[in-house]
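As the structure lists them, so they are numbered: ligands from 1, and atoms in each ligand from 1.
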Amino acid sequence: MNDNTDKPAILGGRALRPQGPPDWPFPDPEVAERIQAALRDGSWGKYHGPHVTELAELLGRSHGCEQAILCSSGTAAVELALRGLGVAAGDEVILAAYDFKANFQNVLALGAVPVLVDVSAESWMIDPKAIAEATSPRTRAIIASHLHGCIADLPEIVRIARARGVGVIEDAAQMPGAEVDGRMAGTLGDAGILSFGGSKLVTAGRGGAVLTSRADVAQRIKLFTQRGNDAYPLSELQAAAVIPQWKRLQAANAQRRVAVSGLIKELAPFAGLRPVRNGSSNSRPAYYKLGFQYDRSAFSGLSRDDFAAALRAEGIAFDPGFRALHKTHSSRRFRTAAALSHATRADESVLTLHHPVLMGTQADLREVVAAVERVSRYAAEIGAWFARVSPPPK
Ligand SMILES: Cc1ncc(COP(=O)(O)O)c(C=O)c1O
């Protein structure tokens, strides 16, 4: 029986972090200085100033790719990458059934058919074997996303795609600056994409980029976006905000990796919280989220969503993962070639920790562990409380 001294916040106790999770982005003097300079020199109000060009060159150089095409969001970047690969109405595009919703919507927006495949049992990233089985003469492209700090098996996916003459889009929205099999994330396929959206590791509030070394892909994108004006632009001010963050990204990613390895060690005793596995040892992930496979049986049956809500009440930014695409869209809108059982498990069981705390102090990281420990200890009581306040539908 638990006494009341350490009662979880969700049951009326004092939150471990009453101030809530760290706000993002952090105050950033270098970004402020860049923006001030853009205000001083008037580039803030121009169609064409120095920042967009500088950022495109910086991204191209740091990825070792021919073209970095800046655009208005990661979502737009995926659409442009699909267009760059020549995807058109009636084509098929393969993607994981557990992926970001906009990737699915982008395929539909082009009049193409999403073909949903399963994720692998260990990593819950898109399964190369499932891709091989799902290809058809109509397959035009594959979208492979790195999610929740876990790296998709791009080398194998690219090998399968090349053998079939199919293009690969590597979605690195959650992995900027990471290394995949010794190469920069976003450069392993025919086109890679980045996001500078408001919650991302490098943020301009909105924004994105397509990375490619294929001249035909870049050319198709430019033909589509350049209409006398850029139809999907990233502004001078957004580029000004991204540049200093990109220059510090490797150091920040390294700091987050240290925090993650410490957290994983500290959380190891919680058998129901298994970090998603990274395949290749030659990879260095970036942690936009730290993903876990949640097993409710290790927490007195407490559901994943209620576990996350209890941790949020403690001021720790745990959230359920994505809804799987086959669970949230009519089956008329996609094709499947095989069972999606691991993606269904991912839909039910992915739990993520949002990144800002990974740049925090040791005390911040200890609070994460203390919150998990507290919620775990009171799991049965919390489950009973949720059953009282929100009984499951009959
Ligand atoms: C995997 C993935 N791809 C694409 C995007 C889209 O990025 P944006 O929010 O910039 O449109 C996101 C955004 O969260 C994402 O997580």
Inset, instruction - Kindly indicate whether the side chain of D364, heavy atoms from C-beta on, has any atom under 4.5 Å from the side chain of V368. - result: no
Ligand 1 versus [X], non-hydrogen atoms closer than 4.0 Å: side chain, backbone, both, neither?
X: S73; value: both
X: V78; value: neither
X: K200; value: side chain

Legend entry - Polar contact flag for H146 and ligand 1 (N/O pairs, less than 3.5 Å): no
Inset, instruction - Output yes when the distance from some N or O of ligand 1 to some N or O of A173 is under 3.5 Å, and no in every other case. - result: no
Legend entry - Test: R227 cationic atom under 6.0 Å from F224 six-membered ring centre, within 45° of axis: yes
Inset, instruction - May I ask you to check if K7 and Y378 form a cation-pi contact, with NZ or CZ under 6.0 angstrom from the six-membered ring centre and within 45° of the axis? - result: no
Inset, instruction - Let me know which of H342, R304, R323 forms a side chain to side chain donor-acceptor pair (under 3.5 Å) with D347. - result: R323
Inset, instruction - Could you tell me if the ring centre of F322 sits under 6.0 Å from that of H148? - result: yes
Inset, instruction - Considering the heavy atoms of L147, write down every atom of ligand 1 situated less than 4.0 Å from one of them. - result: 1 (C)
Legend entry - Atoms in ligand 1 with a heavy atom of S195 nearer than 4.0 Å: 7 (O), 8 (P), 10 (O)
Which residue and atom name correspond to the protein heavy atom nearest [atom], and how close is it?
atom: atom 11 (O) of ligand 1; value: T75 OG1, 2.6 Å
atom: atom 16 (O) of ligand 1; value: Q174 NE2, 3.0 Å
atom: atom 1 (C) of ligand 1; value: D171 OD2, 3.3 Å

Legend entry - Residue among Q174, H354, K289 satisfying side-chain contact (heavy atoms from CB on, under 4.5 Å) with S199: H354
Inset, instruction - State whether a side-chain donor-acceptor pair under 3.5 Å links Q238 with H51. - result: no
